[in-house]
Amino acid sequence: MTSLPDDTALTRTGLEARGGGRVLIVACGALACEILALRDANGWDHIDLTCLPAILHNYPERITDAVRETVQARRGDYDAVFVAYGDCGTGGRLQAACDAMGVEMIAGPHCYSFYEGNAGFAAREECTAFYLTDFLVRQFDAFVWKPLGLDRHPELREMYFGNYETLVYQAQTDDPDLTERARRCAERLGLAFERRLTGYGDLERDLRRWAER
């Protein structure tokens with residue numbers, strides 16, 4: 001089983017490709033555990049993974065350039081390169097960059113959508129739900145509580161979350177500890193709690209296609 005850096009490293013610095021595979025996946029650090037779990041479970045030893053820092057999601061205007069630079073720097077070392085990001089707040093710029101480079105990326109606006117399955121997520125038409133994944137439950141303080149200043153000014157909670165009703169935890173793994181941590185996140189935000197065991201959703205489907213190329 002592949003050893004991972006801790007979540008703090010995935011958040012701040014990402015992950016360098018370590019293998020000598022034929023296929024490279026350029027991904028968000030928030031997807032590293034899931035992609036490596038799928039790779040190891042399926043014996044996709046020909047796939048290498050490099051991840052950009054997950055914290056880029058707090059600065060979506062930087063994602064496109066970071067992905068473009070990584071693909072251009074590494075594509076000569078591989079037979080094929082794929083991008084494991086959704087649009088992720090780039091306003092279509094990431095898709096346009098991938099199209100220009102001839103690189104396929106995962107369809108969908110964000111990981112919440114492709115974890116649940118893009119079609120199913122769109123059909124729900126949820127506008128009062130705040131989503132967390134396994135990674136974001138573990139990194140709740142780094143991605144939500146501290147960036148929004150709630151560690152210093154908890155009175156801002158109503159301003160940020162007053163229009164939300166439910167925290168939806170999209171669970172990739174059936175982990176009672178993570179479920180309880182997610183429930184506590186909902187309590188901290190003053191929201192109702194719902195857990196959905198999504199597994200890997202469309203991420204698994206696309207990785208399987210890429211692995212079979």
Side-chain angles (χ1 to χ4, degrees), residues 2 4-5 7 9-19 21-60 62-75 77-118 121 131-136 138-139 143 170 172-173 198-213:
T2 303
L4 280 173
D7 285 331
L10 291 172
T11 295
R12 296 177 181 174
T13 61
L15 179 71
E16 287 292 330
R18 303 173 183 173
R22 295 181 290 102
V23 174
L24 178 68
I25 296 176
V26 178
C28 171
L31 304 179
C33 293
E34 290 70 28
I35 292 173
L36 290 174
L38 285 166
R39 186 188 71 176
D40 291 348
N42 289 281
W44 295 332
D45 297 333
H46 61 298
I47 288 180
D48 288 349
L49 174 67
T50 191
C51 291
L52 301 177
I55 201 64
L56 284 176
H57 276 288
N58 286 5
Y59 312 94
R62 302 180 187 175
I63 292 176
T64 300
D65 286 345
V67 170
R68 183 189 293 110
E69 290 169 7
T70 302
V71 170
Q72 291 175 339
R74 302 303 307 275
R75 70 186 312 169
D77 301 326
Y78 294 89
D79 295 341
V81 178
F82 301 95
V83 171
Y85 272 88
D87 179 74
C88 300
T90 68
R93 290 186 294 276
L94 181 56
Q95 182 68 67
C98 287
D99 290 346
M101 292 186 292
V103 172
E104 183 180 348
M105 60 180 276
I106 294 179
H110 38 61
C111 63
Y112 314 125
S113 179
F114 63 67
Y115 271 144
E116 191 153 324
N118 286 316
F121 185 87
Y131 300 95
L132 294 179
T133 63
D134 283 10
F135 180 84
L136 290 175
R138 297 193 301 266
Q139 288 287 289
F143 278 83
Q170 295 177 325
Q172 283 70 69
T173 55
T198 64
Y200 303 119
D202 290 349
L203 175 66
E204 181 172 8
R205 177 203 64 193
D206 285 349
L207 287 181
R208 190 170 302 279
R209 284 195 303 104
W210 297 345
E212 293 172 356
R213 293 286 180 88

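This one's a predicted model, so the numbers in the text were calculated from it and none came from an experiment. If you read the sequence from its start, that first residue is 1, and numbering goes on from there.
Applying the side-chain hydrogen bond (donor to acceptor under 3.5 Å, both in side chains) definition to pairs two or more places apart or across chains, those involving residues 101-110 are E104-R209, E104-W210, E104-R213. Legend: salt bridge (Lys or Arg N to Asp or Glu O under 4.0 Å) pairs involving residues 83-96, not counting sequence neighbours: none detected. Residue pairs meeting the side-chain hydrogen bond (donor to acceptor under 3.5 Å, both in side chains) criterion with at least one partner in residues 45-58, sequence neighbours excluded, are D48-Y78.
Taking D134 as the reference, Y169, T173 meet the side chain to side chain donor-acceptor pair (under 3.5 Å) condition, with sequence neighbours excluded. Applying the side chain to side chain contact (heavy atoms under 4.5 Å, CB included) test to R75 and every residue at least two apart in sequence or in another chain returns V71, V81, M101, V103. Applying the side chain to side chain contact (heavy atoms under 4.5 Å, CB included) test to A73 and every residue at least two apart in sequence or in another chain returns nothing. Here P60 pairs with I63 under the side chain to side chain contact (heavy atoms under 4.5 Å, CB included) rule; sequence neighbours left out. Every residue meeting the side chain to side chain donor-acceptor pair (under 3.5 Å) condition with T11, not counting sequence neighbours, appears here in chain and number order: Q139. Checked against side chain to side chain donor-acceptor pair (under 3.5 Å), T13 has no partners two or more places apart in sequence or in another chain. Applying the side chain to side chain contact (heavy atoms under 4.5 Å, CB included) criterion to A30, with sequence neighbours excluded, gives C28, A54, F135. Remark: Y200 engages no residue in a side chain to side chain donor-acceptor pair (under 3.5 Å) (not counting sequence neighbours). Among residues two or more places apart in sequence or in another chain, the salt bridge (charged side-chain N to carboxylate O under 4.0 Å, His left out) test is passed with R74 by D77.
Residues V83 and I106 have side chains not in contact (no heavy-atom distance under 4.5 Å, counting atoms from C-beta outward). The side-chain heavy atoms of V67 and L52, taken from C-beta on, include a pair separated by under 4.5 Å. A heavy-atom distance below 4.5 Å is not found between the side chains of F114 and Y85.
For A211 against I47, the heavy-atom pair with the smallest separation is CB-CD1, 3.8 Å. Taking every heavy atom of both residues into account, M105 and C98 meet most closely at SD-SG, 3.8 Å. Across every non-hydrogen atom of I35 and A27, the tightest pair is CD1-CB, 3.6 Å. Contact detail for A97 and R68: the closest heavy-atom pair is CB-NH2, 3.7 Å.
Note that CG of L49 is 6.5 Å distant from CD1 of I25, once rounded to the nearest 0.5 Å. The CG atom of L56 lies 14.0 Å from the CZ atom of R12; values are rounded to the nearest 0.5 Å. Once rounded to the nearest 0.5 Å, the distance linking CG of L38 with CG of D206 reads 11.0 Å. In this structure, the separation between CG on D7 and CZ on R138 is 4.0 Å, given to the nearest 0.5 Å. Within the model, atoms CG of N118 and CZ of R205 stand 7.0 Å from one another, a figure rounded to the nearest 0.5 Å. Rounding to the nearest 0.5 angstrom, the gap separating the SG atom in C111 from the CD atom in Q170 is 7.5 Å.
Without hydrogens or angle criteria, S113 side chain to P109 main chain gives no donor-acceptor distance under 3.5 Å.
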message: Pair N42, L207 - check side-chain contact (heavy atoms from CB on, under 4.5 Å), show working.
response: CA-CA 10 Å; N42 289 281; L207 287 181; over 6 Å; no
message: Could you walk me through whether F82 and V23 satisfy the side-chain contact (heavy atoms from CB on, under 4.5 Å) test, starting with their C-alpha distance in whole Å, then the side-chain angles of each, then the deciding distance to 0.1 Å, before giving a yes or no?
response: CA-CA 8 Å; F82 301 95; V23 174; 3.7 Å; yes
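Partner of Y131 under the ring pair (Phe, Tyr, Trp, His ring centres under 6.0 Å) criterion, out of F121, Y115, F143: F121 alone.
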